[in-house]
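Single-structure report; data block below.
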Amino acid sequence: MERKELYHRIYLTIQQIPYGKVATYGQIARLAGFPGYARQVGYALHATPDDMDVPWQRVINARGEISLKPTGPYDQVQRQMLEDEGVQFDEHGRVPLKIYQWQP
DNA sequence: GCAGTGACTAGTA
DNA sequence: ATACTAGCCACTG
């Protein structure tokens, strides 16, 4: 699979996540037409140019957690961006998928 | 080309 | 609830 098309479809799928909702890496992979490519979704996001309009903050892991190293700067940024969209974290710092997961 | 890595997941114990 | 495993595949050195 070529990087260009793979990443392109991943970005297009992520752009469909509505404001105030979240999706998991595996979910994005499936919807983009690449089931099992969860890791590649993560890698694509890691390589996302900042000037591209992709709501990367709405992609979290299957347990509702932010999958960035807590030591890094972007972990806090992602949480803040989601909270600004009205997403409420539980007492364990996780997003309740029952409430906020995107249902296409 | 091979081996290790990683914003992952589903399964099992 | 946690821990470990196998599977996954683009990227990197």
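We name chains A, B, ... by the order of the sequence lines, and we start the count at 1 in each one.
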From OH of A:Tyr25 over to P of C:dC9, roughly how many Å is that when rounded to an integer? 19 Å
Look at the rings of A:Phe34 and A:Tyr37 and say which category their plane angle falls in: under 30° parallel, 30 to 60° tilted, over 60° perpendicular. tilted
Between CD1 of A:Ile14 and OH of A:Tyr7, what distance do you get to the nearest 0.5 Å? 11.5 Å
Output the distance between atom CD1 (A:Ile66) and atom CE (A:Met81), rounded to the nearest 0.5 Å. 11.0 Å
In numerical order, the residues of residues 57-64 of chain A whose heavy atoms come under 4.0 Å of DNA chain B are A:Asn61, A:Ala62
Transitive ILVMFWY side-chain link A:Met52 to A:Tyr43, under 4.5 Å: yes
How about CD on A:Gln76, more than 12 heavy atoms from neighbouring residues, nucleotides or ligands closer than 6.0 Å, or not? no
Measure from the side chain of A:Trp56, starting at C-beta and using heavy atoms only, and say which of B:dT9, B:dA7, C:dA10 lies closest. B:dA7
Hey, can you pull the residues of residues 42-50 of chain A with a non-hydrogen atom under 4.0 angstrom from DNA chain B? A:Gly42, A:Leu45, A:His46
Who are the side-chain hydrogen bond (donor to acceptor under 3.5 Å, both in side chains) partners of A:Glu85, not counting sequence neighbours? A:Gln57, A:Arg58
Qualifying residues under salt bridge (Lys or Arg N to Asp or Glu O under 4.0 Å), relative to A:Arg39, sequence neighbours excluded: none
When rounded to whole Å, the OH to C1' distance for the pair A:Tyr37 and C:dC9 reads 6 Å
A:Tyr74 OH: over 12 foreign heavy atoms closer than 6.0 Å: no
When you compare B:dG1 with C:dG13, how far apart are their C1' atoms, in angstrom units rounded to a whole number? 12 Å
side-chain contact (heavy atoms from CB on, under 4.5 Å) test vs A:Thr24 passes for just one of A:Val41, A:Leu97, A:Val59, namely A:Leu97
A:Arg30 CZ to C:dC9 P, straight-line distance once rounded to whole Å: 15 Å
Round to a whole Å and report the spacing from CD1 of A:Ile28 to C1' of C:dC8. 17 Å
A:Ser67 side chain: which of B:dA7, C:dC9, B:dG6 is closest? B:dA7
Between C1' on B:dC8 and NZ on A:Lys69, what's the gap in Å once rounded to a whole number? 15 Å
Single-linkage hydrophobic cluster, 4.5 Å side-chain cutoff, A:Ile28 and A:Leu12 together: no
Interface with DNA chain B, restricted to residues 80-104 of chain A and to heavy atoms under 4.0 Å: none
Sequence neighbours excluded, every pair satisfying side chain to side chain donor-acceptor pair (under 3.5 Å) that has a member inside residues 87-104 of chain A: A:Gln27-A:Gln101
Integer-rounded Å distance: B:dA7 C1' and A:Gln78 CD: 8 Å
Side-chain N or O of A:Tyr7 closer than 4.0 Å to phosphate OP1/OP2 of C:dC9: no
So, A:Glu65 side chain and A:Gly93 main chain: donor-acceptor pair closer than 3.5 Å or not? no
In whole Å, I'd like the distance from the CZ atom of A:Arg79 to the C1' atom of B:dA7. 17 Å
To the nearest angstrom, how far is A:Arg39 atom CZ from C:dT5 atom C1'? 13 Å
